[in-house]
Visitor: 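What follows is a single structure, and I will ask about it in a moment.
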2 protein chains.
Amino acid sequence: MSFEPDVLQGFVQRYLDTVVTGSAQDVAALYAEDATLEDPVGGGEVHIGRQAIAGFYNNVAGVEVKTELLSFRAGGSEAAFVFAITVGGSMRIEPIEVMTFNADGQITSMRAFWGPADITTL
Amino acid sequence: MSFEPDVLQGFVQRYLDTVVTGSAQDVAALYAEDATLEDPVGGGEVHIGRQAIAGFYNNVAGVEVKTELLSFRAGGSEAAFVFAITVGGSMRIEPIEVMTFNADGQITSMRAFWGPADITTL
């Protein structure tokens, strides 16, 4: 199973837009029912299933965020990308993320690579 | 198992340096015996084991390459990074790669995300 690069980039852009404009449930709805989320990678916690994933996004609900796709690479049914997220106008983080997608375009896994060194205080 | 970010970045820099200065065997020696390599991701071929990996790097042996680490993110025992590789002075590719490492610092998997859109002719 494989998507054209511009289709994959559309999935990623939709995700980044929904993080800004949607609720935690809206973001979780972009994920498959049995999806996994690891953010940050190496942090020791993997969120499994759409409900747990909604809980993860609920942690930043109510905080104004902005997102910007900085760099995008397609890979079959996967995508790797660099993006910036500005949280509450005070903190900017630039993770590298890897996402996998199923045939319906749902996110089946999301892994975010970032650490303290990738945070800028604004 | 987890490495400090600067240790992981050292592993990645050693890899990029060895791609420039070393033989295919030298690069393959940075990998674990049972490592896997997928380059590009979605290309349909996964190279399994150090011997197959040496064969992959042998394909570019004899061609002058330069590498440059552009962006690096640590994640426990993994790393994600953007780098540039210039091949024969005529072509520049900027992949996003994800590498995993074992306790000995050997690469256990490498996955490179890039496609035709990420190639620049110089």
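Each chain gets a letter, A, B and so on, in the order its sequence line appears, and its residues count up from 1. All values below come from the heavy atoms of this structure, side chains included, with hydrogens, waters and symmetry mates left out.
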Visitor: Please output the residues of residues 82-118 of chain A in contact with chain B, using a heavy-atom cutoff of under 4.5 Å, in numerical order.
Guide: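 A:V82, A:E94, A:P95, A:I96, A:V98, A:R111, A:F113, A:W114, A:D118, listed by number.
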Visitor: Measure the OH-NE2 distance between A:Y57 and A:H47 for me, rounded to the nearest 0.5 Å.
Guide: 9.5 Å
Visitor: Linking I/L/V/M/F/W/Y whenever any side-chain heavy atoms sit under 4.5 Å apart, do A:L70 and A:I119 land together?
Guide: no
Visitor: Any side-chain heavy atom of B:L69 within less than 4.5 Å of one from B:T67?
Guide: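 Heavy-atom side-chain distance check fails, nothing below 4.5 Å.
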Visitor: Are B:F81 and B:F3 in one and the same hydrophobic cluster, where Ile, Leu, Val, Met, Phe, Trp and Tyr link if side-chain heavy atoms are under 4.5 Å apart?
Guide: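 Yes, because B:F81 and B:F3 connect within a single hydrophobic cluster, where side-chain heavy atoms sit under 4.5 Å apart.
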Visitor: Look at atom CD of B:E68 and say whether more than 12 heavy atoms of other residues, nucleotides or ligands are closer to it than 6.0 Å.
Guide: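 Yes - once you tally the heavy atoms of other residues, nucleotides and ligands closer than 6.0 Å, there are more than 12.
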Visitor: What part of B:A74 gets within 4.5 angstrom of chain A, counting heavy atoms only: side chain, backbone, both, or neither?
Guide: backbone
Visitor: If you check every heavy atom in residues 5-40 of chain A against those of chain B, which residues fall under 4.5 Å?
Guide: none
